[in-house]
Each structure stands twice: as structure tokens, then as C-alpha cells.
Amino acid sequence: MPLPTQMRALHLPTISSSPQITLRTVPLPTVVPGSVLVRVLAAQVSQKFHDIYSGKVGFTLAPDMILGGGYAIGRVAQPGPDTTSLPVGKLVMLQSFLRARDNPEEIQAVWGSFDGGLPASREWIEKNWKNGCYAEYVLAPLENVEPLDEEKLCGAKEEGGLGYSVEDLLQLPVQLVEMGGWKGIGLQAGERVIVAPATGQFGGAAVEVAVAMGAGQVIAMGRNMEILKRIQGCYPKGKVEIVPMTGDEDGDAQKLTSWGSVDAYLDISPAAATGSTHVSSCFKALRNYGRVSLMGILPEGLSATYAMVVWKSLTIKGQYMYDRADARQIVRMAESGVLRLGPETGVEVVGKFKLDEIDQAWHVAANNTEFGKLIALNP
Ligand SMILES: NC(=O)c1ccc[n+]([C@@H]2O[C@H](COP(=O)([O-])OP(=O)(O)OC[C@H]3O[C@@H](n4cnc5c(N)ncnc54)[C@H](OP(=O)(O)O)[C@@H]3O)[C@@H](O)[C@H]2O)c1
């Protein structure tokens, strides 16, 4: 099929308290070396994206952009001239961590969500990758496109496939973020680990990823017992234990050690959790030589005391996103069935919308912010 010369896309002139999002017909992007044109099949919609576009999160984005984060599933429409493994029609996962090829450690951004905030990263995004996936087609950096085994992932179960829908696959780029956290602290098979808070989109995903990576037991901590129980119900008895955040720092720490010593802790707290006692409880629950992955966005100091970190010989690792190789690994884990997606992990698709239904999609997203609610845009 010849490609069209134009496409429909959702356009955002600039971040504003009342974002002026319009559906436009724009020229199809031109494929250049190092890029792939992808036909978008499903892109994730979440309240957080709307919060970013309305300036509530404080992230910066290039003006005059096609919106949509890089959490999407699509098909290769036109590979760039230097592409070697992505034929036309190949099902692919797009992932959102953008790094400048000549300076990957310094120039970083999150596709469609944050231009990195530095003058150099902002300029790089503005010139290259400001347009996101809320469009019929998106021009993606080659290294952010991961091929998927469609027969395995989406094939019928009776024929050896896993029976996932394209929307189910939207969990993969979220799970990828959590894999970055666990790999950063070297999660070992058989270990007992804590995820806190475990009831958000990323926290909930961290539980399944830890189990898939071989954790012996995951302790999911959070305020919402209903969601924690739903997550626990997705695993064999004893694999996932749940602990409520009660605000009793020592009592919660004790509860976290009810099942034995704790090897590692992944924190993914949003700014709203500033001052919550759960961080101290989790640090207290760790065994000597325990490891911590900090992935959240708490603006204020760590509540763990300097002395505790020293006396317990703790390792604290900050983790922003993941390494490129992790994208291949998360896909292989899903293709092999080790990592699960979809309803088995407590995640249901609560809405599927077309580009011209974006307002309805935002509405549904605003009412489904907790872990397990997936909203898809199918351009
Ligand atoms: N490091 C990275 O690479 C990376 C990548 C992606 C996201 N993040 C960050 O991760 C954070 C979480 O993201 P998310 O998408 O999972 O957020 P989310 O879906 O909004 O979930 C927020 C979580 O925080 C909990 N929470 C909210 N207020 C709290 C409080 N006062 N005390 C204790 N818990 C509280 C919520 O619990 P309830 O269910 O009880 O409300 C929920 O579990 C964000 O800040 C995001 O910026 C980091």
C-alpha cells in the first residue's frame, strides 16, 4: 500500500492551564537515517499526560507539537535507510526514553512528556523528536523501536500464542521502566523485595516485573488495600504479600519484616507522597547490606537517617528510566511468557478511543488513575 502524503494528528500549540488540543491534518513525516516511520495502532492515554500538557507537573515540552507520549504499539510503515531488522508491517513497541546518540549520558528526554529541561536537550528535542504518538503515524528514533514477535504475543492460545491484544501490549513500555529499577540494584532470583507505593501505574507494574525476574517474594505496600488485594490475587499464595501504609513508621517496618528479612526495596513515590512515613519504614525493614532503588520524584530529603544507611551498609541507587538493552529483554521476557500482561496481572482495558474522541479519553483517564486501568487511543 502506498503511504499517504498527509495524516491526522492531535496538535498542542503550547503547555497551558487549559490545553488547546486540536485534531489536524498534517504532512506525513519524512523518514531520515536513524528513524522509522511507524503506523500507530495503540497509544496509552493517562491523566498524567494531561497534567503535563496543562502545566501541573512542571515538565517542559517544545511548543507546536503533536502530542502523545512514547508509550505505543505500532507497525513499521517505512524503515529508514540504515534500518536492518524492521521490515514494513513488523509489529513494534515504541519506548519513550530518548537519548542523544552522541551524548547519551547527558542529553536525555522522555518522548512526548519532558524535553529534559536543559537548553541542549530542549534544542535537540525541538529539532528532532518533539512529535509524539497521538497521530496516525509517528517518526520514531530507530533505537526506540523494538520488534515484537506478533505470532507469539498475539497468536491464539490454542496455537501456542499468548493471546494478547495490541492494547495489552501497551503495558510493556511501562514494565520496562520498572525493569530499569530492578536491574539497577541487581535483583537476584529468590530475593524478598518491597515495592512502595505499589498501587500506582508504575508501582503496580514493578510487582509483576519483580516476579518475572525471579523474586522469591514481593511485598506490595500502599494506602489502597482494595488495589493491593487485587494485585495479590494475581499470584500464587505467598508470592505477593501486602502491607498497608498506616503512618506508624515502626509498626509498618515491623509488618514489612513479617515474612523474613528483606533484601531490596524499590520506591516509586510521587511528589504527593512527600512526608509519608513509608520511606522510613521500608529503610528500617531492610536487612544489612540491603539495596534501594529510588525511582520516584519526592522533592524533599530522604527520611532514612545517614547513620542507618552507614550502619546497615545499605546501597542506594537512583534510577531514571532504563538502559537500551532492557527494552529487548522486557520484550523477550513477555514473548517467552515469563512476564505476563493483561488481565492475569490485574490490568484491564477500560477504554479505547479514536483521535477525535480524545476529550472522552481524557475523561475516562481522569476517572481511572489507579494501577490496572488502561486507556488506549487507536488512531
Ligand atoms: N524514575 C523513573 O524513571 C520514573 C519513570 C516513570 C515515573 N516516575 C515517577 O514515579 C512516580 C509514580 O508514578 P506513577 O505513574 O506510578 O504514579 P501514579 O499512578 O499516580 O501513582 C501514584 C502512587 O503514589 C501513591 N501515593 C499518592 N500520594 C501518596 C501519599 N501521600 N502517600 C503515600 N502514597 C501516595 C498512590 O497511592 P494511592 O493508590 O493510595 O493513591 C499511588 O500508588 C511519579 O512521580 C513519576 O514521576 C519515575
Side-chain angles (χ1 to χ4, degrees), residues 44-52 56-60 69-71 95-99 108-114 116-117 170-185 194-209 219-232 242-249 252 265-282 292-300 303 316-324 326-327 330 346-347 350 365-375:
Q44 203 192 43
V45 178
S46 91
Q47 174 63 27
K48 256 154 285 164
F49 291 142
H50 197 270
D51 288 348
I52 290 169
K56 284 188 194 154
V57 177
F59 288 173
T60 45
Y71 298 87
Q95 51 93 0
S96 61
F97 192 26
L98 302 173
R99 280 156 285 192
Q108 305 181 334
V110 185
W111 198 4
S113 301
F114 180 39
L170 285 174
Q171 273 175 271
L172 277 171
V174 176
Q175 291 171 325
L176 171 58
V177 173
E178 298 313 303
M179 170 174 270
W182 290 125
K183 282 186 82 173
I185 53 170
I194 300 170
V195 175
T199 54
Q201 193 197 12
F202 287 94
V207 176
E208 173 64 21
V209 175
I219 303 169
M221 191 186 200
R223 298 185 300 184
N224 188 326
M225 285 306 280
E226 199 186 313
I227 300 176
L228 290 178
K229 282 182 187 157
R230 176 151 54 81
I231 292 172
Q232 188 181 36
I242 58 177
V243 171
M245 289 176 186
T246 67
D248 172 2
E249 189 176 311
D252 289 355
Y265 154 45
L266 185 148
D267 189 278
I268 185 95
S269 297
T274 303
S276 169
T277 54
H278 76 269
V279 180
S280 293
S281 301
C282 293
V292 184
S293 177
L294 295 183
M295 297 198 75
I297 199 169
L298 286 183
E300 284 175 19
S303 14
I316 302 178
K317 169 90 166 60
Q319 186 71 42
Y320 183 46
M321 304 300 269
Y322 41 80
D323 291 332
R324 185 179 172 194
D326 299 342
I330 202 93
V347 178
V350 295
N367 290 311
N368 290 280
T369 54
E370 73 270 28
F371 172 72
K373 308 291 180 186
L374 205 147
I375 297 114

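Each residue takes its place number in the sequence, starting with 1. First listed ligand is number 1; within each ligand, the first listed atom is number 1.
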Which residue from [options] reaches closest to [atom] through any of its heavy atoms?
atom                    : options               : value
atom 33 (C) of ligand 1 : E226, M221, M245      : M245
atom 22 (C) of ligand 1 : G318, P299, P270      : P270
atom 36 (C) of ligand 1 : V57, T199, V195       : T199
atom 1 (N) of ligand 1  : Q47, H278, M321, M295 : M295

Identity and separation of the nearest protein heavy atom to [atom]:
atom                    : result
atom 18 (P) of ligand 1 : K48 NZ, 3.7 Å
atom 5 (C) of ligand 1  : V177 CG1, 3.5 Å
atom 27 (C) of ligand 1 : R223 NH2, 3.5 Å
atom 19 (O) of ligand 1 : Q201 N, 2.9 Å
atom 12 (C) of ligand 1 : I268 O, 3.3 Å
atom 32 (N) of ligand 1 : A273 CB, 3.7 Å
atom 25 (C) of ligand 1 : P197 CG, 3.6 Å
atom 45 (O) of ligand 1 : I297 CG2, 2.7 Å

[Y] backbone acceptor or donor facing [X] side chain under 3.5 Å:
X    : Y    : result
W111 : L98  : no
D51  : V57  : no
R223 : T199 : no

Query raised in the report: When you look at V177 and M321, which way does the side-chain contact (heavy atoms from CB on, under 4.5 Å) test go after all the steps?
Result: CA-CA 5 Å; V177 173; M321 304 300 269; 4.2 Å; yes
Query raised in the report: Does G200, backbone or side chain, put an N or O under 3.5 Å from an N or O of ligand 1?
Result: yes
Query raised in the report: Any nitrogen or oxygen of G296, main chain or side chain, under 3.5 Å from a nitrogen or oxygen of ligand 1?
Result: no
Query - Region of S269 that comes within reach of ligand 1 [heavy atoms, distance under 4.0 Å] - result: backbone
Looking only at non-hydrogen atoms, find the nearest pair between [X] and [Y] and report the distance.
X    : Y    : answer
I297 : A271 : CG2-N, 3.3 Å
S281 : D248 : OG-O, 4.3 Å
Y322 : S96  : OH-N, 3.3 Å

Requested in this report: Please report the C-alpha distance between R99 and R324 in whole Å, then the side-chain angles of each, then the deciding distance to 0.1 Å, and finally whether the side-chain contact (heavy atoms from CB on, under 4.5 Å) criterion is met.
Outcome: CA-CA 10 Å; R99 280 156 285 192; R324 185 179 172 194; 4.3 Å; yes
Query raised in the report: Is any NZ, NE, NH1 or NH2 atom of the basic residue among K183 and D326 found under 4.0 Å from an Asp or Glu carboxylate oxygen of the other?
Result: yes
Query raised in the report: Hey, what do you get for CD1 (I316) to CD1 (I185), rounding to the nearest 0.5 Å?
Result: 11.0 Å
Report task. Could you go through the side-chain contact (heavy atoms from CB on, under 4.5 Å) check for V110 and Y320 one step at a time? Result -> CA-CA 10 Å; V110 185; Y320 183 46; 3.2 Å; yes
Requested in this report: For atom 42 (C) of ligand 1, state whether the nearest protein heavy atom is under 4.0 Å away.
Outcome: yes
Requested in this report: Any atoms of ligand 1 less than 4.0 Å from a non-hydrogen atom of Q319? List them with their elements.
Outcome: 1 (N), 2 (C), 3 (O)
